[in-house]
Protein chains: 2
Amino acid sequence: MQIRNGLRPMWWHGRFRGCGYRITAPREAILDVLSKSDKHLSAEDIYIKIHTHYPVIGLTTIYRTLDLLTNIGLIFKFDFGDGRARYELVKGPKGKTHHHHLICTNCNRIIDYTDFIDEEIKLLEQTEKKLLKKYNFKSTNKLIQFYGLCEKCQKMS
Amino acid sequence: MQIRNGLRPMWWHGRFRGCGYRITAPREAILDVLSKSDKHLSAEDIYIKIHTHYPVIGLTTIYRTLDLLTNIGLIFKFDFGDGRARYELVKGPKGKTHHHHLICTNCNRIIDYTDFIDEEIKLLEQTEKKLLKKYNFKSTNKLIQFYGLCEKCQKMS
DNA sequence: CTCTTACTGATAATGATTTTCATTCTTAAT
DNA sequence: ATTAAGAATGAAAATCATTATCAGTAAGAG
Ligand SMILES: [Mn+2]
Ligand SMILES: [Mn+2]
Ligand SMILES: [Zn+2]
Ligand SMILES: [Zn+2]
């Protein structure tokens, strides 16, 4: 397959080894695509990006790998309501982890927003504690999304 | 078809007429099922419930009607990540509108929670305003969900 | 009651994701 | 470096929720 661009271990190799997973060309390629994009890519998006360079890698493997990466917590899987899952590296280049999404219900544009998050996070963590007490529900993830119209789509309506 | 249980106009008839929609037996049946359940029903759930009594109504119509009801704002459509959409009347019997969801990622149980919402809503509305200013994004809906393990599933792990 | 056309349901189509299974490749052990 | 075990892969077929088609039905305005 010969995709490896050098044998230097990448930052995620350790995590993989620790879980008993093998490091393979498709996995390298997929993580590479994800880490070089700031978009919210679907499985097919990734497939197409990789396919131009390495036609060998199949869509099945993309799905399997994305599942794996989601499970070990390296990527987030989102559903923005357009019928296909979208994926995003948990840590962007600068380690910015927490952000939420604005979703235009007209053109499906996704806007990341990281502002005003501190208060949100604080409140949500409080809430999590209360939920644990009252419902015995141990929350591990929280999801916040705003649906509406983006600037462009407001003008057209 | 003859499902109408009486000719008395229901609370939602006005809304329907106003939008130019017709009042039909399948629509009555679907709204009836939804208003008598406190669960989060999928299209098929509803189909099965109705089908025992009125085998005439097809799944296609269920989907179409749920779409319609979602669009005119009578019901909410949710995706809890199990591959099928789930629906819920916007107003419960007592008019309780705002609530969010705890989702067990192990057994898929959904817990409604209405506690601690006031602060949340307040914060979110603040945030909405800020988002409008900064991104010119006009939010119409917000979604909050907590993912984690319910009481039962914590014990088993 | 009649007419227009919104609504319906059977059926087929779609399209994202999963399953299957024979083959290939990673990697730990020799 | 060689080898052996089994994890990972990809082509193809299968799933399965949702949507599109289309000819027939019925709501409801006049
Ligand atoms: Mn994002
Ligand atoms: Mn609910
Ligand atoms: Zn838009
Ligand atoms: Zn559970």
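No experiment lies behind these values; they were computed from the predicted model shown. In the text below, chain A, chain B and the rest are named by the order of the sequence lines, each starting its count at 1.
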Please list, for nucleotides 15-17 of chain C, all pairs of protein and nucleotide N/O atoms separated by less than 3.5 Å.
unit_1: dA16(C); atom_1: OP1; unit_2: Arg84(A); atom_2: NH2; d: 2.2
unit_1: dT17(C); atom_1: OP1; unit_2: Ala85(A); atom_2: N; d: 2.8
unit_1: dT17(C); atom_1: OP2; unit_2: Tyr63(A); atom_2: OH; d: 2.4
unit_1: dT17(C); atom_1: O5'; unit_2: Tyr63(A); atom_2: OH; d: 3.4

Check: protein-nucleotides 12-15 of chain D nitrogen or oxygen pairs below 3.5 Å:
unit_1: dA12(D); atom_1: N6; unit_2: Thr60(A); atom_2: OG1; d: 3.2

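The shortest side-chain heavy-atom distance between Phe80(A) and Ile110(A) falls under the 4.5 Å cut-off.
Ring pair Phe78(B)/Phe76(B) is tilted by interplanar angle, where 30° to 60° counts as tilted. Between His51(B) and Tyr47(B), the two ring planes are tilted [angle within 30° to 60°].
Pairing each heavy atom of Asn106(A) with each of Met156(A), the nearest pair is OD1-CE, 4.0 Å. Taking both residues in full, the closest heavy atoms of Thr70(A) and Leu66(A) are given as OG1-O, 2.7 Å, listed atom of the first, atom of the second, then distance.
At dT9(D), one or more side-chain N or O atoms of Arg27(A) fall inside 4.0 Å of OP1 or OP2 (strictly under the cut-off). Phosphate proximity of dC7(C) to Thr24(B): absent, as no side-chain N or O sits under 4.0 Å from OP1 or OP2.
Note: Leu131(B) CG to Tyr113(A) OH = 5.5 Å, rounded to the nearest 0.5 Å.
For Arg17(B), the listed nucleotide lying nearest its side chain is dG28(D); candidates were dT9(D), dT27(C), dG28(D).
Comparing the start and finish of the helix from dC1(C)-dG30(D) to dT30(C)-dA1(D), five pairs each, the helix axis swings through 40°, to the nearest 10 degrees.
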Carefully, step by step, assess Glu119(B) and Leu123(A) under the rule side-chain contact (heavy atoms from CB on, under 4.5 Å).
-> CA-CA 8 Å; Glu119(B) 312 161 77; Leu123(A) 177 60; 4.1 Å; yes
Apply the test side-chain contact (heavy atoms from CB on, under 4.5 Å) to residues Ile46(B) and Glu44(B): give CA-CA distance (whole Å), side-chain angles for both, the deciding distance (0.1 Å), then the verdict.
-> CA-CA 5 Å; Ile46(B) 296 170; Glu44(B) 202 188 353; over 6 Å; no
